[in-house]
Amino acid sequence: ESLASTGLFALATALVCQPPLNMVSPEKARATLQQIHAAVKGLDRPHGVLPHFVRRGATGYKIHPGTEFSTVDTAIYYHSLLLGSEMLNDPDLRVEITSAVDQIDFDKLRLPGGEISHGLKEDGRTLLEHGWKDWGGETALVMMLQNIVNEQAPHRKMERPAQAWQGTGFIPEIQSLFYPDFDSDVPDALDEVRWLATRQLMLTRQKDYIMRTWPGSFAAQMGLYGLSAGEGLYGDSYFVGGVDLPNQKVIHPHYVLMSASLTKSAETYALLRRLQKAGIFTPWGMVEAVAVSGKSYLPMNGSLNAGFETLGAYHLLAKHRGIPNVLHAASRKSAELRRAAELFYPLKEGRVPTTTSASE
């Protein structure tokens, strides 16, 4: 079981009990989030970091053998639960989640270059040697989680601002599933990136890549795009694509919904109808991956990308119908998420985050 996917499921459950969806009752949604958090509280959390994957054994859930304790999955889980508890008006759960976040010892997770490590090895003691320094939403979520714990913590500037690693689609979008702040072209206070323009440029490059590289292909005819990351076509390995790489043949359609708030909603719904007729958008959601040719695809009953798609679909729905976006409202209302967002968008005039250079 994936902790990040579980967090996204919890957040989606809190969302679908809201009008106009009303798919589950608020009572059922609260019970679901409380049950999830009760299970997660019982996990080993070295330095406060959650496992990437867990496995259920005779004595309960433990880290899945051969996997790691992951800072970014921890960030996704806690962001999801903080938003969910805010939307459901569950102050007791919110206090418990905040307490768990406060227990994360970021000082012990910092690498010599100043960046936060990707996590710890299975032993719960050895830091992973790579850290969050590449520009993008994953790094932003980890750094913002740290800001919840300590607003005075030093923050290392990101490398290659406004340039997603390999041009991978989800990287400029993941933070915007949780925060409306990045729907702006105000330069952020950390790296002076204009996030909205950067995201729009990525969307343009994603669409142009398929039409330019594979004209006449199934994907080009469908108007399908999404060089991102997820399971490969055969479900036996993790695959990372991007618009900076040549001859990319694997599309991860989750990017269509992750970036949907940037598009004209009518165009996105028209694309979804075409994909539905082609069997790519199925009753259980998007397929995980599809070949540019359309000859191979990978259906999955659940995945991290399915969680991203669900939140992206909600933002698309709210925009298309012109209804209040309750996720955005919760993000703006949450004291913890407001403290996190101040790293990039300080509320107080003249207030800027403390930074360290790469050499430090």
Side-chain angles (χ1 to χ4, degrees), residues 3-4 7 11 45 47-50 69-86 94-111 113-119 127 131-159 161-162 171-184 186-195 327-328 330-358 360:
L3 265 294
L11 177 53
R45 292 174 288 157
H47 303 324
V49 181
L50 295 171
F69 293 90
S70 166
T71 47
V72 70
D73 291 272
T74 298
I76 293 171
Y77 175 83
Y78 283 131
H79 271 91
S80 297
L81 268 290
L82 283 169
L83 277 169
S85 61
E86 187 72 53
R94 189 163 62 245
V95 168
E96 284 201 23
I97 297 296
T98 304
S99 175
V101 171
D102 286 340
Q103 293 170 33
I104 303 173
D105 192 340
F106 282 99
D107 289 339
K108 292 182 179 177
L109 295 168
R110 205 176 309 283
L111 294 173
E115 69 273 24
I116 298 166
S117 171
H118 284 182
L127 282 182
W132 294 109
K133 57 184 180 180
D134 290 316
W135 179 85
E138 290 177 299
T139 301
L141 287 176
V142 173
M143 294 173 75
M144 286 191 286
L145 191 69
Q146 179 182 228
N147 224 48
I148 294 175
V149 178
N150 181 8
E151 292 176 277
Q152 303 305 317
H155 290 281
R156 184 188 194 278
K157 286 180 176 290
M158 298 188 206
E159 294 184 354
I171 291 176
E173 290 300 323
I174 183 173
Q175 76 294 323
S176 294
L177 298 177
F178 305 98
Y179 291 92
D181 307 76
F182 297 89
D183 296 339
S184 165
V186 174
D188 76 64
L190 186 71
D191 297 302
E192 300 183 347
V193 171
R194 298 178 186 272
W195 282 78
L327 194 157
H328 281 176
S331 182
R332 292 189 179 100
K333 184 179 178 183
S334 167
E336 293 76 28
L337 267 63
R338 285 305 90 204
R339 188 158 66 247
E342 281 201 38
L343 173 63
F344 291 94
Y345 301 101
L347 294 177
K348 297 177 182 177
E349 186 175 352
R351 181 177 180 179
V352 296
T354 303
T355 61
T356 58
S357 68
E360 293 175 314

What is the distance from atom [atom1] of [X] to atom [atom2] of [Y], rounded to the nearest 0.5 Å?
X    : Y    : atom1 : atom2 : result
L11  : L177 : CG    : CG    : 9.0 Å
L81  : T98  : CG    : OG1   : 10.5 Å
F344 : L190 : CZ    : CG    : 5.0 Å
K133 : L111 : NZ    : CG    : 8.5 Å
N147 : F106 : CG    : CZ    : 9.5 Å
L347 : E342 : CG    : CD    : 4.0 Å

Which atoms form the tightest heavy-atom contact between [X] and [Y], and what is the distance?
X    : Y    : result
L145 : T74  : CD2-CG2, 4.2 Å
S331 : F178 : OG-O, 3.0 Å
P154 : Q146 : O-NE2, 4.0 Å
M158 : D191 : N-OD1, 3.3 Å
H118 : W132 : CD2-CE2, 3.2 Å
I116 : R110 : CG1-NH1, 4.2 Å

[Y] and [X], any side-chain heavy atoms less than 4.5 Å apart:
X    : Y    : result
L337 : E86  : no
L50  : D73  : no
I148 : L82  : yes
P161 : E192 : no
V101 : E336 : no
I104 : T71  : no

Check: In this structure, are over 12 heavy atoms from other groups packed under 6.0 Å from Q103 atom CD?
Finding: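 For Q103, atom CD is crowded (more than 12 foreign heavy atoms under 6.0 Å).
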Could you tell me whether a side-chain N or O of [X] sits under 3.5 Å from a main-chain N or O of [Y], the two making a donor and an acceptor?
X    : Y    : value
R156 : G113 : yes
S80  : I76  : yes
S70  : G119 : no
Q175 : P172 : yes
D105 : H47  : no

Check: So W195 and W135, would you call those rings parallel, tilted or perpendicular, with 30° and 60° as cut-offs?
Finding: tilted
Margin query: Check the orientation of Y179 and H79. Use parallel for under 30°, tilted for 30 to 60°, and perpendicular for over 60°.
Written below: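 If you compare the ring of Y179 with that of H79, the planes turn out perpendicular.
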Note to self: Using side-chain contact (heavy atoms from CB on, under 4.5 Å), reason through S176 and D183 one step at a time and then give a plain yes or no.
What the structure shows: CA-CA 7 Å; S176 294; D183 296 339; 4.0 Å; yes
Notebook entry, point to check: Hey, is D181 close enough to R338 for a salt bridge, meaning N to O under 4.0 Å?
Noted result: yes
